[in-house]
Amino acid sequence: MTEGMTQSTMLSDALVILGAAGLVIPIFHRFRITPVMGFILIGLLVGPFGLGRLVPEAPWLYHVTITDPEALEPFAEFGIVLLLFTIGLELSFNRLWALRRLVFGLGALELIIIGALLAFALSLTGLDTTAAFALGFALALSSTAIVLPISGTTSPVGRAALSMLLFEDIAIVPIIFVLGALAPYAQSDGWEGLVDTLWQGLLVVTALLIIGRMFLPRLFAQAARTKSPELFLAASLLVVMGASLATAATGLSPIVGALIAGLLIAETEYHGEVEGIIEPFKGLALGIFLITVGMGIDLLQVWDQIGSIAIAVVGVLLLKAIVTSILLRLMGARRSTAIETGVMMASPSETTLIVLAAATAALLLDRETAQFWQIVTALGLTVTPLLARLGRLVARRIEPVPEIDEASRGEPRVIIIGIGRVGRLVADMLTRHGKDYIAIDSDADLIERARRKGYKATFGDAARGNALDRLGIESASAVILTMDEPVLAQRLTTKLRKDHPDLPIIVRARDLNHATHLYRAGASHAVPETLESSLQLSEAVLVDIGVAMGPVIASIHEKRDEFRALLQHEAALDHKPKLRTGAHDAG
């Protein structure tokens with residue numbers, strides 16, 4: 001193929017992809033359907049097994065089909081890397097540490113039990129033990145690229161899914177090495193290679209953590225001073241690609257490096273800007289990945305083996321959904337969370353295709369068997385959005401959750417985000433002073449307990465969708481963020497300030513440094529827990545040693561105001577965000 005023909009092919013494929021994105025996203029957004037299905041269907045239509053079959057008879061179809069599917073694979077992999085990078089931006093090391101029990105407990109149990117059960121079931125069909133093992137653990141994996149954009153990471157369902165998917169992403173490397181060691185005529189250096197990869201990978205991850213903490217804040221500070229979006233984008237891509245290549249060089253998955261890069265940037269004050277710049281690229285690259293999934297489905301082959309494929313798809317989905325739901329219940333999740341997560345996690349993964357390819361290369365699977373299960377995997381990925389909706393419907397029927405209260409939407413009231421210990425205390429004080437409020441939380445257990453105690457609480461994820469709009473945020477007298485998740489609080493503060501410039505936003509801060517970042521993000525008041533505990537200790541000791549209560553309280557208020565002024569000055573605020581009329585009366 002000449003250079004001119006190659007460029008023409010690339011331009012033609014690029015035109016098809018951009019046209020598909022321009023059609024799919026608006027249409028599916030209009031009908032409130034995830035674009036995931038749209039991209040997969042587009043891939044099915046314009047791929048080599050769709051309209052591509054007709055190009056010899058109708059050459060004009062060349063311009064509306066993908067003529068070189070293999071050329072899209074690097075872009076599809078880049079989409080998954082960017083997805084894991086943005087997931088890291090939504091997390092923090094503290095939050096990830098809080099998930100360790102779920103990641104290495106629930107995640108490990110889910111993968112091992114489902115993999116073993118699938119391997120046993122497949123061995124009953126006549127597959128030998130090693131082939132059944134390879135296939136079972138390949139199918140046990142679930143799709144990070146499709147599940148997390150649907151579930152998010154802040155709700156109970158999102159946290160459970162994230163924990164299992166993180167462990168699966170970590171486990172891919174040992175799974176592939178074990179397959180190599182099980183291959184016919186495999187040498188003992190397969191196990192030695194695994195050990196080398198693990199210690200080298202640990203060394204690289206440690207280096208990334210040290211170097212990232214030292215240099216990333218300086219790098220993005222310099223980029224921010226230039227006020228150049230292009231430089232900020234270049235710095236962001238440099239970090240994510242550099243970290244991905246570093247982990248890939250040791251044999252680890254590049255998505256491990258991408259996740260670490262996201263976690264490191266999440267600890268800086270620039271994570272919101274990075275997330276906003278990367279988001280369009282992630283969406284388009286992820287769309288390309290989904291198009292490649294659709295292109296892998298041969299409808300003629302599906303029709304020829306419709307019975308076997310249907311049994312395989314349904315069998316895998318049912319087994320994974322049931323086992324995952326049971327494990328979540330045993331780990332203490334409520335029924336609705338267990339069922340919704342189990343059904344959504346039931347389909348195979350994009351990494352299933354990678355493991356299948358490794359098993360085929362290791363001669364553990366013949367090509368015909370591998371191709372059959374590749375089709376099963378592609379169909380499973382295609383129905384994942386439908387599974388997510390089905391799981392949500394079943395969960396709501398089995399265990400209904402309170403709906404958003406819209407009865408007094410037009411009336412000014414305080415919105416409390418988070419109804420844990422701090423949120424309930426704030427609600428008590430508002431009630432004592434006769435001020436109306438509504439609390440919102442994505443944890444259904446907290447909502448249920450709060451409502452039993454008489455609090456006005458409703459289920460919803462303030463960070464996603466239009467939950468706050470339905471609560472009437474446009475007429476709210478104030479918003480109070482009480483969650484103990486620094487990155488999420490800062491991101492939500494930035495969004496609220498951007499959408500509602502005059503809204504009083506009072507935020508719980510972990511410490512003085514976090515409070516400074518919150519003021520910079522647009523908080524009206526940021527209340528550091530460490531400062532308040534120090535002031536309360538001071539008040540208690542002064543009263544106990546005989547100082548009069550009046551002067552003590554006055555001095556505490558004075559010291560609090562001094563710290564607030566200092567924090568606002570450090571955040572480079574010329575003035576505090578404007579408050580609406582009567583804002584001080586709101587709480």
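The figures that follow rest on heavy atoms only: side chains count, while hydrogens, waters and symmetry mates do not.
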- request: Give, for atom CH2 of W303 and atom CD1 of I309, the distance between the pair rounded to the nearest 0.5 Å.
  value: 11.5 Å
For K320 against S142, the heavy-atom pair lying closest together: NZ-OG, 3.2 Å
Side-chain donor/acceptor of T337 to backbone N/O of V157, under 3.5 Å: no
- prompt: Heavy atoms, side chains only, cut-off 4.5 Å: are S347 and L317 in contact?
  reply: yes
- prompt: From L263 CG over to L208 CG, what is the distance, rounded to the nearest 0.5 angstrom?
  reply: 11.5 Å
- request: Examine distances only and state if a side-chain atom of T384 and a backbone atom of G380 form a donor-acceptor pair shorter than 3.5 Å.
  value: yes
message: Testing the basics here: between A140 and L111, what is the closest heavy-atom pair and its distance to 0.1 Å?
response: CB-CD1, 3.8 Å
message: Consider side chain to side chain contact (heavy atoms under 4.5 Å, CB included). Of T341, L102, L109, V103, which one does M164 pass it with?
response: T341
message: Looking at every heavy atom in both R101 and M331, which two are closest together, and how far apart are they?
response: NH2-O, 3.9 Å
message: For F120, is there any backbone N or O sitting under 3.5 Å from a side-chain donor or acceptor partner on S123?
response: yes
statement: What one should report as the nearest heavy-atom pair of L165 and S143 is CD2-C, 4.0 Å
Minimal non-hydrogen separation, E110 against L327, with atom names: CA-CD1, 3.5 Å
statement: CD1 of I211 to OG1 of T206, rounded to nearest 0.5 Å, is 10.5 Å
task: Please name the pair of heavy atoms, one in A161 and one in V147, separated by the smallest distance, quoted to 0.1 Å.
output: CB-CG1, 4.1 Å
Non-neighbouring partners of A312 that pass side chain to side chain contact (heavy atoms under 4.5 Å, CB included), sequence neighbours left out: F372, W373, V376
field: Inter-residue atom distance F137.CZ - I114.CD1, 0.5 Å rounding
entry: 10.0 Å
message: Please check this pair: side chain of R329 against backbone of A333, looking for a donor-acceptor N/O pair closer than 3.5 Å.
response: yes
- request: Taking side chain to side chain donor-acceptor pair (under 3.5 Å) as the test, write out the residues that go with S349, two or more places apart.
  value: T351
task: Sequence neighbours left out, what passes side chain to side chain donor-acceptor pair (under 3.5 Å) with S325? Give chain and number order.
output: none
